[in-house]
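Computed from a predicted model, the values in this text were never measured in an experiment.
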Amino acid sequence: MVKRWLSRYLARKQLLAADAYKERYIVIDMELTGLDPRQHEIVSVAWVMIEDQCIKLSGAQHLINKDVQSLEQSPIYHGIAKQDIDTGESLESILGKLHQHFGECILVFHNAALDWGFLKQACRTLGLDAKARLILDTFVIEKKRLHQQGHEIGHDDLTLSECRKRYNLPHYSSHHALTDAMATAELFLAQCHQISRGKALKVGELV
């Protein structure tokens, strides 16, 4: 037990000291039927990869969960209807594809507490190891930056769209997992650029 803990501690310490620009990232977004992973469901999962400071569109995925029992308000908010569900994939298949990246990439979310909570719950249900090398959150990164700059943070100041505005990134329509994953990836790269200001950037500076 002690050896395992020490091994994980040293691995994390080494990762936090690594060059952030040389790491691989997977940026994940999901559409959900609600906010509680014990009661609500994953409707779809999307992700894009970042490597060498570039978003790899060739690896982008947007997969719809055919196992959804109740769409709730998803047709209104996400535009996903029953016919989309019928042509989707099983959640086990979707998470199997996503899970294979957990050991080699740093996971990035906007509001990780929500999406990672659902992913952990689903992985445990399916018998998958719900562990990540490291999780970064553009929401938390932005909150930390605003505090450091002495800004008061309003109710909506940390939404994905409001965060993007501060970096002069273009407006995207939200509530589509792949669009939001792309938007989060762009925001993450912009945040990295602003934090580093042309200098070296360690992974630990993004936590």
Side-chain angles (χ1 to χ4, degrees), residues 19-35 40 42-63 72-80 98 105-119 132 134-207:
D19 184 342
Y21 289 128
K22 292 183 179 178
E23 289 296 321
R24 296 181 68 212
Y25 303 89
I26 182 167
V27 186
I28 304 167
D29 192 83
M30 299 191 298
E31 292 152 11
L32 310 165
T33 61
L35 302 178
H40 299 118
I42 296 171
V43 179
S44 72
V45 185
W47 63 87
V48 295
M49 311 294 293
I50 297 177
E51 190 172 357
D52 296 326
Q53 303 179 55
C54 294
I55 299 170
K56 303 292 186 180
L57 294 179
S58 59
Q61 294 277 357
H62 179 229
L63 304 173
E72 304 281 344
Q73 298 296 308
S74 292
I76 297 172
Y77 291 118
H78 308 307
I80 293 178
L98 177 60
C105 296
I106 294 173
L107 277 57
V108 180
F109 301 90
H110 189 79
N111 192 5
L114 178 63
D115 286 352
W116 181 239
F118 271 86
L119 278 179
L134 185 68
I135 294 173
L136 296 178
D137 190 341
T138 51
F139 177 100
V140 172
I141 293 171
E142 193 66 11
K143 184 177 182 180
K144 182 179 177 181
R145 280 177 49 74
L146 290 176
H147 277 311
Q148 289 173 340
Q149 294 166 5
H151 291 291
E152 290 189 13
I153 300 176
H155 178 68
D156 295 322
D157 285 348
L158 293 173
T159 64
L160 181 55
S161 60
E162 287 301 311
C163 289
R164 286 175 58 84
K165 281 182 185 178
R166 283 189 284 274
Y167 297 88
N168 295 315
L169 294 169
H171 172 72
Y172 287 162
S173 297
S174 58
H175 299 305
H176 184 283
L178 185 55
T179 302
D180 286 351
M182 281 290 301
T184 301
E186 291 175 353
L187 173 61
F188 176 69
L189 290 175
Q191 289 173 327
C192 288
H193 176 73
Q194 285 296 315
I195 293 169
S196 69
R197 295 190 176 276
K199 298 179 181 179
L201 180 67
K202 287 182 172 29
V203 172
E205 296 178 69
L206 301 171
V207 174

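- Side chain of His151 to main chain of Ile153: no donor-acceptor pair is present (N/O by atom type, distance under 3.5 Å, no hydrogens or angles).
- Residue Thr138 comes nearest to His110 through the heavy atom pair OG1-ND1, 2.7 Å, listed as atom of the first residue, atom of the second, then distance.
- The CE atom of Met182 sits 5.0 Å away from atom CG of Leu57, with the distance rounded to the nearest 0.5 Å.
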Legend entry - Working for side chain to side chain contact (heavy atoms under 4.5 Å, CB included), residues Arg145 and Arg166: CA-CA 11 Å; Arg145 280 177 49 74; Arg166 283 189 284 274; over 6 Å; no

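- Using a distance-only test at 3.5 Å, with no hydrogens or angles considered, no donor-acceptor pair links the side chain of Glu51 to the main chain of Arg24.
- Few gaps surround NZ on Lys56; more than 12 heavy atoms of other groups in view lie less than 6.0 Å from it.
- Considering all non-hydrogen atoms of both residues, Ala112 and Asp137 come closest at N-OD2, 2.8 Å.
- Panel note: side chain Arg164, backbone Glu186; no donor-acceptor pair is recorded below 3.5 Å.
- Annotation: the span from Lys22 atom NZ to Leu201 atom CG amounts to 12.5 Å, rounded to 0.5 Å.
- Sparse packing is recorded around CD of Glu152, with 12 or fewer heavy atoms of other residues, nucleotides or ligands lying under 6.0 Å away.
- The two atoms that bring Cys163 and Leu187 nearest to each other are CB-CD2, 3.7 Å, heavy atoms only.
- Considering every non-hydrogen atom in both Val203 and Ala20, the closest pair reads CG2-CA, 3.7 Å.
- Taking all atoms of both residues into account, the shortest heavy-atom contact from Val207 to Lys144 is O-NZ, 3.4 Å.
- Side-chain atoms of His171 and Lys165, non-hydrogen and from C-beta on, never get closer than 4.5 Å to each other.
- Within 6.0 Å of the NE2 atom in His193, the count of heavy atoms belonging to other residues, nucleotides or ligands does not exceed 12.
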Legend entry - Check against side chain to side chain contact (heavy atoms under 4.5 Å, CB included), Leu32 and Ile42: CA-CA 5 Å; Leu32 310 165; Ile42 296 171; 3.9 Å; yes

Inset, instruction - Test side chain to side chain contact (heavy atoms under 4.5 Å, CB included) on Phe109 and Thr184 and set out the steps. - result: CA-CA 7 Å; Phe109 301 90; Thr184 301; 6.0 Å; no

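- Note that CD of Gln61 and CE of Met49 are 10.5 Å apart. Values are rounded to the nearest 0.5 Å.
- Interatomic distance, SG of Cys192 versus CD1 of Ile50, reported as 7.5 Å (0.5 Å rounding).
- How far CD1 of Ile141 is from NZ of Lys143: 13.5 Å, rounded to the nearest 0.5 Å.
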Inset, instruction - Take Leu206 and Phe188 through the side chain to side chain contact (heavy atoms under 4.5 Å, CB included) test and state the conclusion after the steps. - result: CA-CA 10 Å; Leu206 301 171; Phe188 176 69; 3.9 Å; yes

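- Checked options Asp115, Asp180, Val108, Leu98; the residue passing with Ile28 is Leu98 (criterion: side chain to side chain contact (heavy atoms under 4.5 Å, CB included)).
- Pairing each heavy atom of His40 with each of Phe118, the nearest pair is O-CE2, 3.6 Å.
- Of the possible donor and acceptor atoms, none in the side chain of Glu162 sits under 3.5 Å from a partner among the backbone N and O of Thr159.
- For the residue pair Ser44 / His62, a side-chain donor-acceptor distance below 3.5 Å is found, with atom types taken as modelled.
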